[in-house]
S.K.: 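I'd like to ask some things about the structure below.
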Amino acid sequence: MGGVGETENLVDREEDLVLCDVSPDEVSMLVHQTRPGTSRDLMILTMGASVESTAYRETAADERCGSFSPDGRWIAYTSNESGRYEIYVAPFPWTGRRWQVSEEGGLFPQWRSDGREIVYTRQNGELVAAAIEIGTDSLQPSGTQVLFRIHPPIPSGASFALAPDGEKLLVWSNKLRESETVVNLVVNWPAELD
């Protein structure tokens, strides 16, 4: 019926889990798990004969909203360990090293398909691109650039989707015009940066 197959319950847990991303090889799922209170931890669910759960980032800080790099070697995620939500990148699997790539706050990171840029939002609604240079086992942030402002910002979830080619953004706005929801598609946005 319409190409839809049977559903399968992969995880049966009492904890509140939110799917953030699936690895490019479709073996690992990155989720954030809500702990009592307001904190969240990042967990990896590995799919096989059974689903195995391991902690990726489990700290007193609130870690959430992660995404795998296109090659599956890195994870960009949000943490408030500094006292403000910022975007960090760490190797996958976790090695203990991480690099802050955002400036002035950040949420909901998404990788460009070539892995050389991460797009994220700030709490004030600005959409920002962070350029990064990835080495064999290290990463070098090389600056950020504000693209434009999403009005008004959406605090509870990502307000945009980055196209695989990195050339287009689908932006959702909750600003209503004559009782209609407006969706803005921004094309050729890299040309605006020149």
Side-chain angles (χ1 to χ4, degrees), residues 20-24 30 32 40-42 44 56-57 59 61-173 175 183-194:
C20 300
D21 199 13
V22 177
S23 62
L30 180 64
H32 66 241
R40 295 168 186 86
D41 294 318
L42 289 174
I44 299 293
Y56 181 73
R57 287 293 288 149
T59 71
D62 188 24
E63 284 101 10
R64 58 172 143 167
C65 311
S67 66
F68 286 97
S69 63
D71 63 6
R73 294 178 48 227
W74 305 88
I75 292 178
Y77 66 95
T78 303
S79 176
N80 67 353
E81 65 187 75
S82 70
R84 172 174 64 189
Y85 286 107
E86 297 285 0
I87 304 298
Y88 296 86
V89 175
F92 175 69
W94 178 259
T95 64
R97 298 183 71 192
R98 69 189 184 297
W99 293 265
Q100 182 177 328
V101 299
S102 61
E103 299 170 354
E104 301 177 37
L107 296 162
F108 312 111
Q110 294 185 27
W111 292 82
R112 195 170 69 189
S113 62
D114 64 3
R116 298 180 56 138
E117 190 172 73
I118 296 170
V119 177
Y120 62 90
T121 58
R122 290 182 177 151
Q123 288 185 313
N124 65 3
E126 290 176 333
L127 197 66
V128 179
I132 54 173
E133 297 174 19
I134 296 178
T136 304
D137 62 353
S138 66
L139 181 139
Q140 179 64 45
S142 57
T144 62
Q145 183 168 12
V146 176
L147 303 175
F148 51 86
R149 184 182 297 265
I150 299 171
H151 181 77
I154 301 165
S156 60
S159 312
F160 69 99
L162 183 61
D165 64 6
E167 297 294 318
K168 295 180 273 307
L169 286 162
L170 180 63
V171 179
W172 185 84
S173 173
K175 181 178 180 180
V183 176
N184 299 309
L185 177 62
V186 179
V187 296
N188 201 25
W189 62 269
E192 300 295 323
L193 303 178
D194 296 331

S.K.: Please list, chain by chain and in numerical order, all residues satisfying salt bridge (charged side-chain N to carboxylate O under 4.0 Å, His left out) with D114, sequence neighbours excluded.
M.R.: R112

S.K.: Can Q110 and S67 be counted as having a side-chain donor-acceptor contact under 3.5 angstrom?
M.R.: no

S.K.: Drop me the distance from E126's CD to Y120's OH, to the nearest 0.5 angstrom.
M.R.: 9.0 Å

S.K.: Parallel, tilted or perpendicular: which one describes the rings of F92 and Y56, with boundaries at 30° and 60°?
M.R.: tilted

S.K.: Given side chains that start at C-beta, do those of W111 and V89 come closer than 4.5 Å, heavy atoms only?
M.R.: yes

S.K.: Rounded at 0.5 Å granularity, tell me how far CG in L107 sits from CD1 in I87.
M.R.: 6.0 Å

S.K.: Quick check: does any side chain N or O of R122 sit under 3.5 Å from a backbone N or O of E103, one acting as donor and the other as acceptor?
M.R.: yes

S.K.: I need the minimum non-hydrogen distance between L139 and V101, along with the two atoms involved.
M.R.: CD2-CG1, 3.9 Å

S.K.: Check Y77 against A90 and note the closest heavy-atom contact, atom names and distance.
M.R.: CE2-CB, 4.1 Å

S.K.: Please report the interatomic distance OH(Y85) to OG(S79), rounded to the nearest 0.5 Å.
M.R.: 8.5 Å

S.K.: Specify the closest pair of heavy atoms between G135 and W74, including all atoms of both residues, with the distance to one decimal.
M.R.: O-CZ2, 4.2 Å

S.K.: Please name the pair of heavy atoms, one in C20 and one in L42, separated by the smallest distance, quoted to 0.1 Å.
M.R.: SG-CD2, 4.5 Å

S.K.: Please determine whether the number of non-hydrogen atoms from other residues, nucleotides or ligands lying under 6.0 Å from atom CZ of R116 exceeds 12.
M.R.: no

S.K.: Any donor and acceptor pair, going by atom type alone, linking the side chain of Q100 with main-chain N or O of Y88 inside 3.5 Å?
M.R.: no

S.K.: Can you name the residues that form a salt bridge (charged side-chain N to carboxylate O under 4.0 Å, His left out) with E81, not counting sequence neighbours?
M.R.: R57, R98

S.K.: Would you name the heavy atoms of T144 and A130 that are closest together and state the gap between them?
M.R.: CG2-CB, 3.9 Å

S.K.: Roughly how far, to the nearest 0.5 Å, is the CH2 atom of W99 from the CD1 atom of I134?
M.R.: 9.5 Å

S.K.: Ignoring hydrogens and angles, tell me if any N or O in the side chain of N80 forms a donor-acceptor pair with the backbone of A61 under 3.5 Å.
M.R.: no

S.K.: Does any non-hydrogen side-chain atom of L30 lie less than 4.5 Å from one of I44?
M.R.: yes

S.K.: Can you tell me how far CD of E167 sits from CG of L162, rounded to the nearest 0.5 angstrom?
M.R.: 9.5 Å

S.K.: Sequence neighbours excluded, which residues qualify as salt bridge (charged side-chain N to carboxylate O under 4.0 Å, His left out) partners of D21?
M.R.: none

S.K.: Would you confirm whether R97, through its side chain, and D137, through its main-chain N or O, come within 3.5 Å as a donor-acceptor pair?
M.R.: yes

S.K.: If you take all heavy atoms of P109 and T78, which pair is closest and at what distance?
M.R.: CD-OG1, 3.6 Å

